[in-house]
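Order of the sequence lines fixes the chain letters, A, B, ..., with proteins taken first and strands second; residue numbering starts at 1 for each chain.
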Protein chains: 2
Amino acid sequence: MAIGRPSPSSSQTPDPGAARRTSRARGIPEATVARLPLYLRALTALSERSVPTVSSEELAAAAGVNSAKLRKDFSYLGSYGTRGVGYDVEYLVYQISRELGLTQDWPVVIVGIGNLGHALANYGGFASRGFRVAALLDADPNVVGSTAAGLPVRHMDELEDIVVTQHVSIGVITTPPGAAQQVCDRLVEAGVTSILNFAPTVLTVPDGVDVRKVDLSIELQILAFHEQRKAGDEPSAGDSVLDRAPGPVRAAAAKLRRAAGGGKAADQAKSTPAAKGAKGPDDDLSAVMPA
Amino acid sequence: MAIGRPSPSSSQTPDPGAARRTSRARGIPEATVARLPLYLRALTALSERSVPTVSSEELAAAAGVNSAKLRKDFSYLGSYGTRGVGYDVEYLVYQISRELGLTQDWPVVIVGIGNLGHALANYGGFASRGFRVAALLDADPNVVGSTAAGLPVRHMDELEDIVVTQHVSIGVITTPPGAAQQVCDRLVEAGVTSILNFAPTVLTVPDGVDVRKVDLSIELQILAFHEQRKAGDEPSAGDSVLDRAPGPVRAAAAKLRRAAGGGKAADQAKSTPAAKGAKGPDDDLSAVMPA
DNA sequence: ATGCGTTTGTGAACGTGTGCACAAAGATGG
DNA sequence: CCATCTTTGTGCACACGTTCACAAACGCAT
Ligand SMILES: NC(=O)c1ccc[n+]([C@@H]2O[C@H](COP(=O)([O-])OP(=O)(O)OC[C@H]3O[C@@H](n4cnc5c(N)ncnc54)[C@H](O)[C@@H]3O)[C@@H](O)[C@H]2O)c1
Ligand SMILES: NC(=O)c1ccc[n+]([C@@H]2O[C@H](COP(=O)([O-])OP(=O)(O)OC[C@H]3O[C@@H](n4cnc5c(N)ncnc54)[C@H](O)[C@@H]3O)[C@@H](O)[C@H]2O)c1
């Protein structure tokens, strides 16, 4: 870190600091909050089918979670169930909606109306809950004229005005990564205190501002990791034997790595032929280590 | 409940069961795996600026995490750092890429080429890592003819063939929610073992298949929750005093809720005047609680 | 009323994740 | 070769999250 101020808090989706801070008040765990929308969706579906009550077991199955977890989650909201019967669907829908703040209207601005911004603007499920697109914003004059989902794309100049007059507290960023921090700063400066970031960048925001990120690339990489595992491999490494060994050997290896500038090319070349024989987590250190 | 089979495993993003299962092998914690792409991105940026080495402190700042956490994360991969110096950027880029399985090519199919599918197909950062769009698929004959990002949209009939011949193991679902499970089943049946789901549905998959979801609506709802908190409110309850009180009172309340079919409307009405006295679980000592 | 079957709500045990704090490793300069 | 300074790697304590298992609560039939 560099800064010495209280705490710039570059909070992101998995920020446990925010958890303590935000759920301190009435003590709803962050993990529970993240599941409430899931329950709500399942409940809404039941509601539409006019199902009057539902047991924790059924609802848990519909939401894809453990029933004990679901009951504990609900217990944080209060005791809304009836033993021997289950939960009243309509009542629970309302309670969760209220807890999530969906009984009020949340105006949202989307900044960066390119491919993704367009898709989001057109997204119906957006408004289905209390979210209303207050404005679409872009910096490109060619885009500013157009409309998306019936809404006009407005110029960035109007950002501050829109945020203030429409009381926008949630901003969605779908600009290229290079512009994201700058856009974020302007949003925050104007009064936005929650940001949903689709750009692959770590945003730094002041305390009190929440940032959540949606990152396709990260998700795919996580899947790739597990996929590789399933393929029954060991990554055919080029390390460990040396790196795991304590003593001066490791130091030597590290030194060589640093010295041999092009670690990338060298290692890459090595990785392919590594149809490895058998042993260790990996084998051939030889390629890196011109022993 | 219904099913009695071993375990349908409707795993979703935050599935700790998968964590144990998948990271058992060489023991990389799931939380660490989720951060590796973040480090990789920061490292790639450093690499492009030809920075030779980086300290855990610097890199942690760039990735927006705690430096101790970062060091611990790296320690799971092996000892790739040099005390007193830091980490060799190029070498680390390669090691993480390898661990994530990005040194190989991952063909991906996208199913449902509507607004979102189009955006994803056009997404450059897709291919920037080892991910290659093997095919775009859709059921709508009107869409099937067209092209997106230079690729032709092909018909669902070709799904199985494409998956098999191109060895696709990762599928992205961007169909309407109603079609998602069905599409998922076909993908899995054809041999896909990792799914990235953008449709707001809980997917049920057999054991051994990983599902990660990206859900805009959920993210917004979580933000709304925190936003509501920040607004220094208590959801203006319509419950608590009764619901928290043990004894027959709660039962009576529950009974009333069930009986009064329209729980929603009823409660809504009731909730407003509930400026109640004091105690409940919530009441409102929080009225001024600065988040 | 009483008893029976069902389902909630939660205590307690366990597993996972986080962050501090520090010893040991290595670099660097003399 | 030694002293000093930097930075890693990790033991440890604690916080958070999950799951089991069960008593208490409730509806309902008798
Ligand atoms: N398209 C996807 O599927 C996808 C997936 C994951 C992540 N992302 C990320 O989402 C972001 C948007 O992706 P996209 O495909 O829509 O890109 P895009 O280039 O199509 O759209 C970006 C838009 O942002 C506007 N913009 C640029 N600088 C701006 C600024 N300073 N202020 C306001 N607007 C500005 C541009 O005019 C453009 O309209 C990117 O960061 C991308 O990495 C996209
Ligand atoms: N657009 C967004 O920003 C956004 C945001 C969050 C979530 N989502 C979700 O992503 C999904 C797609 O959203 P969209 O806006 O692109 O919708 P869309 O209606 O524009 O596109 C859906 C596409 O799926 C195709 N399709 C329908 N049934 C199919 C089937 N059985 N097999 C194959 N293809 C089929 C349709 O022909 C259409 O081309 C939806 O589930 C939506 O809820 C979208």
Participant: Report the nucleotide, chosen from C/dG19, D/dG9, C/dT7, that has the shortest atom-to-atom distance to any side-chain atom of B/Ala68.
Facilitator: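 Ranking C/dG19, D/dG9, C/dT7 by closest atom to the B/Ala68 side chain puts C/dG19 first.
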Participant: Please state how far atom OH in A/Tyr80 lies from atom P in C/dG9, giving the value in whole angstrom units.
Facilitator: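 A/Tyr80 atom OH is separated from C/dG9 atom P by 11 Å.
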Participant: Have a look at A/Tyr87 and say if it touches a base, only the backbone sugar-phosphate, or nothing, with a 4.0 Å heavy-atom cut-off.
Facilitator: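 Sugar-phosphate only.
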Participant: If you check every side-chain atom of B/Lys69, which of D/dC26, C/dG19, D/dG17 has the closest atom?
Facilitator: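 For B/Lys69, the side-chain atoms sit closest to C/dG19.
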Participant: Starting from P on D/dG9, measure out to CZ on B/Phe74 and report it in whole angstrom.
Facilitator: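 The answer, rounded to whole Å, is 10 Å.
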Participant: Mind checking what makes side-chain contact (heavy atoms from CB on, under 4.5 Å) contact with A/Ala34, not counting sequence neighbours?
Facilitator: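 Only B/Ile222 meet the side-chain contact (heavy atoms from CB on, under 4.5 Å) criterion with A/Ala34.
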Participant: If each of A/Ala31 and B/Ser55 is mapped to the nucleotide of DNA chain D with the nearest heavy atom, which maps nearer the 5' terminus, i.e. the 5' end?
Facilitator: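 Between the two, 5'-proximity favours B/Ser55.
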Participant: Quick one: A/Arg35 CZ to D/dG17 P, roughly how many Å, whole number?
Facilitator: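 Going from CZ in A/Arg35 over to P in D/dG17 covers 8 Å.
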Participant: Output the rounded distance in Å from CG (A/Leu92) to P (C/dT8).
Facilitator: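 Roughly 11 Å, once rounded to whole Å.
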Participant: If I take atom CG in residue A/Leu59 and atom P in nucleotide C/dT7, what distance separates them, rounded to the nearest angstrom?
Facilitator: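 Answer to the nearest Å: 14 Å.
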Participant: Closest approach to the side chain of A/Pro29, judged atom by atom: which nucleotide of D/dG17, D/dT8, D/dG9 is it?
Facilitator: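 Closest of the options to the side chain of A/Pro29: D/dG17.
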Participant: List the steps and the verdict of side chain to side chain donor-acceptor pair (under 3.5 Å) for B/Thr44 and B/Glu48.
Facilitator: CA-CA 6 Å; B/Thr44 304; B/Glu48 278 163 8; over 6 Å; no
Participant: Rounded to whole Å, please give me the gap between CG in A/Asp73 and C1' in C/dT8.
Facilitator: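 Computing the A/Asp73:CG to C/dT8:C1' distance gives 14 Å.
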Participant: Would you mind telling me which of D/dG17, C/dG9, D/dT8 lies closest to the side-chain atoms of A/Glu30?
Facilitator: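 Output: D/dG17.
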Participant: Of B/Lys72, B/Arg71, B/Lys69, which meets side-chain hydrogen bond (donor to acceptor under 3.5 Å, both in side chains) against B/Ser56?
Facilitator: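 Result: among B/Lys72, B/Arg71, B/Lys69, B/Arg71 is the only option passing the side-chain hydrogen bond (donor to acceptor under 3.5 Å, both in side chains) with B/Ser56.
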Participant: Give every residue pair that meets the ring pair (Phe, Tyr, Trp, His ring centres under 6.0 Å) criterion with at least one member in residues 200-222 of chain A, sequence neighbours excluded.
Facilitator: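 Not a single pair qualifies under ring pair (Phe, Tyr, Trp, His ring centres under 6.0 Å).
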Participant: With sequence neighbours excluded, give me every ring pair (Phe, Tyr, Trp, His ring centres under 6.0 Å) pair touching residues 195-215 of chain A.
Facilitator: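 Applying ring pair (Phe, Tyr, Trp, His ring centres under 6.0 Å) to every pair that reaches into residues 195-215 of chain A, excluding sequence neighbours, yields nothing.
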Participant: Starting at the 5' end of DNA chain D, which residue's closest nucleotide do you reach first, A/Asn66 or B/Val54?
Facilitator: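 Upstream on the strand: B/Val54.
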Participant: Counting only side-chain nitrogens and oxygens, does B/Arg71 get under 4.0 Å of the OP1 or OP2 atom of C/dC20?
Facilitator: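 False: B/Arg71 side-chain N/O out of range (4.0 Å or more) of C/dC20 OP1/OP2.
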Participant: Please give, in whole Å, the distance from D/dC20 P to A/Glu57 CD?
Facilitator: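 That distance rounds to 11 Å.
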Participant: Please write out each protein N/O paired with an N/O of nucleotides 11-14 of chain C under 3.5 Å, distance rounded to 0.1 Å.
Facilitator:
from   : atom 1 : to      : atom 2 : distance (Å)
C/dG11 : O6     : A/Lys72 : NZ     : 3.2
C/dA12 : N6     : A/Lys72 : NZ     : 2.9

Participant: In chain order, what residues pass the side-chain hydrogen bond (donor to acceptor under 3.5 Å, both in side chains) check against B/Asn66, with sequence neighbours excluded?
Facilitator: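 Here no residue qualifies.
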Participant: List in chain and number order the residues that pass side-chain contact (heavy atoms from CB on, under 4.5 Å) with A/Thr193, two or more places apart in sequence or in another chain; answer none if no residue qualifies.
Facilitator: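 Only A/Ser169, B/Glu227, B/Lys230 meet the side-chain contact (heavy atoms from CB on, under 4.5 Å) criterion with A/Thr193.
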Participant: Hey, does the side-chain of B/Arg83 have a donor or acceptor N/O within less than 3.5 Å of a partner on the base of D/dT7?
Facilitator: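 Check fails, no donor-acceptor contact within cut-off.
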